[in-house]
**Student:** 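Take a look at this one; I'll ask things after.
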Amino acid sequence: QVQLVESGGGSVQSGGSLRLSCAVSAYTDSSTCMAWFRQAPGKEREGVAQIDSDGRTSVADSVKGRFTISQGNAKNTLYLQMNSLKPEDTAMYYCAAHYRWRRGSWCSESLYDYNYWGQGTQVTVSS
């Protein structure tokens with residue numbers, strides 16, 4: 001059973017930075033997509049950033065140039081570095097994973113493709 005546990009959320013002022021972490025209980029190196037999603041009140045959960053087993057990353061246009069997804073050396077920790085935060089970044093942030101990635105394809109942005117989820121960590125950005 002894969003468990004994902006997020007941490008690092010909090011309250012910051014606009015322009016500030018936060019680093020989210022996600023501890024992964026089991027990591028399969030050859031077929032993994034890991035991702036960060038977020039959900040603001042009254043809105044759908046949206047993909048923020050993804051990383052595959054080869055370390056290729058992709059980020060949503062809304063956070064490009066401000067957010068960076070990465071993994072620890074052992075790949076059992078996922079990070080989201082968030083800089084230049086804006087009030088519209090306020091949301092619950094979730095770590096997610098699936099183990100059906102195939103080399104040559106990009107990790108999906110759709111939440112329906114991910115079957116392992118953390119409990120979420122709240123990020124609040126004030127103006």
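It should be emphasised that the depicted structure is a prediction, and the values quoted were computed from it without experimental measurement.
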**Student:** Between CD of Glu44 and CZ of Arg38, what distance do you get to the nearest 0.5 Å?
**Tutor:** 14.0 Å
**Student:** Hey, any chance Val12 and Leu20 share a hydrophobic cluster, counting ILVMFWY side chains that come within less than 4.5 Å of each other, even indirectly?
**Tutor:**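 Same cluster.
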**Student:** Would you check if the distance from the ring center of Trp117 to the ring center of Phe37 is below 6.0 Å?
**Tutor:** yes
**Student:** Quick one: are Leu78 and Ile69 in side-chain contact, heavy atoms under 4.5 Å?
**Tutor:**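 In contact.
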**Student:** Heavy-atom distance under 4.5 Å between the side chains of Asn83 and Phe67, does that happen here?
**Tutor:**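 No - every pair of side-chain heavy atoms lies 4.5 Å or more apart.
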**Student:** Side chain to side chain contact (heavy atoms under 4.5 Å, CB included), that's the test. Do Asn115 and Arg100 meet it? Break it down for me.
**Tutor:** CA-CA 10 Å; Asn115 49 348; Arg100 299 184 302 276; 3.6 Å; yes
**Student:** Between NE2 of His98 and CG of Leu111, what distance do you get to the nearest 0.5 Å?
**Tutor:** 11.5 Å
**Student:** Once side chain to side chain contact (heavy atoms under 4.5 Å, CB included) is applied, do any residues pair with Gln39, and if so which ones, sequence neighbours excluded?
**Tutor:**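 Gln39: side chain to side chain contact (heavy atoms under 4.5 Å, CB included) contacts with Arg45, Tyr94.
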**Student:** Can any side-chain N or O of Thr121 pair as donor or acceptor with the backbone N or O of Gly9 at less than 3.5 Å?
**Tutor:**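 Yes: the side chain of Thr121 pairs with the backbone of Gly9.
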**Student:** Check whether any side-chain heavy atom of Trp36 lies under 4.5 Å from a side-chain heavy atom of Val59, and answer yes or no.
**Tutor:** no
**Student:** Under 3.5 Å, is there a donor-acceptor pair between the side chain of Thr90 and the main chain of Thr124?
**Tutor:**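 Not at all, since once roles are kept as given, no pair shorter than 3.5 Å links the two residues.
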**Student:** Any chance you could pull the hydrophobic cluster mates of Trp106, using side-chain heavy atoms under 4.5 angstrom and chaining through other members?
**Tutor:**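 Under the 4.5 Å side-chain rule, Trp106 groups with nothing.
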**Student:** Which heavy atom of Ser53 sits nearest to which heavy atom of Ser31, and what is that distance?
**Tutor:**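 Shortest heavy-atom contact: OG-N, 3.4 Å.
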**Student:** Classify the side-chain pair Ser58/Gln50 by whether it contains a donor and acceptor separated by less than 3.5 Å.
**Tutor:** yes
**Student:** So, do Tyr99 and Thr32 sit near enough that their side-chain heavy atoms are less than 4.5 Å apart?
**Tutor:** yes
**Student:** Mind checking side chain to side chain contact (heavy atoms under 4.5 Å, CB included) for Ser70 and listing every partner two or more places apart, or none if nothing turns up?
**Tutor:**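 Partners of Ser70 under the side chain to side chain contact (heavy atoms under 4.5 Å, CB included) test: Tyr79.
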**Student:** Output yes when a side-chain donor or acceptor of Glu6 lies under 3.5 Å from a complementary backbone atom of Cys22, and no otherwise.
**Tutor:** no
**Student:** Set out, in order, the CA-CA distance, both residues' side-chain angles and the distance that settles side chain to side chain contact (heavy atoms under 4.5 Å, CB included) for Leu85 and Leu18, then state yes or no.
**Tutor:** CA-CA 8 Å; Leu85 282 161; Leu18 282 174; 4.2 Å; yes
**Student:** Taking the side chain as every heavy atom from C-beta outward, state whether Val123 and Met82 have any atom pair closer than 4.5 Å.
**Tutor:** yes
**Student:** Only pairs at least two apart or in different chains count here, so list each salt bridge (Lys or Arg N to Asp or Glu O under 4.0 Å) that has a residue in residues 62-74.
**Tutor:** Asp61-Lys64, Arg66-Asp89
**Student:** Restricting to salt bridge (charged side-chain N to carboxylate O under 4.0 Å, His left out), what partner residues turn up for Glu88, sequence neighbours left out?
**Tutor:**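 Here no residue qualifies.
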**Student:** For Ala60 versus Gly47, what's the shortest heavy-atom pair and its separation?
**Tutor:**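 Closest pair (atom of Ala60, atom of Gly47, distance): CB-O, 3.7 Å.
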**Student:** What I'd like to find out is whether the side chain of Lys86 reaches to under 4.5 Å of the side chain of Val63, using heavy atoms alone.
**Tutor:** no
**Student:** Identify the two heavy atoms, one from Pro87 and one from Ser127, that lie closest to each other, and give their separation to 0.1 Å.
**Tutor:**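 Minimum heavy-atom contact is CG-CB, 3.9 Å.
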**Student:** Are any of the side-chain heavy atoms of Met34 and Val24 separated by less than 4.5 Å?
**Tutor:** yes
**Student:** Could you please spell out the steps behind the side chain to side chain contact (heavy atoms under 4.5 Å, CB included) verdict for Asp54 and Arg103?
**Tutor:** CA-CA 8 Å; Asp54 282 347; Arg103 184 163 282 110; 2.8 Å; yes
**Student:** Are Tyr114 and Cys107 packed together at the side-chain level, in the sense that at least one heavy-atom pair is separated by less than 4.5 angstrom?
**Tutor:** yes
**Student:** Going by salt bridge (charged side-chain N to carboxylate O under 4.0 Å, His left out), name the residues that satisfy it together with Arg56, two or more places apart in sequence or in a different chain.
**Tutor:**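 For Arg56, the residues satisfying salt bridge (charged side-chain N to carboxylate O under 4.0 Å, His left out) (neighbours in sequence not counted) are Asp52.
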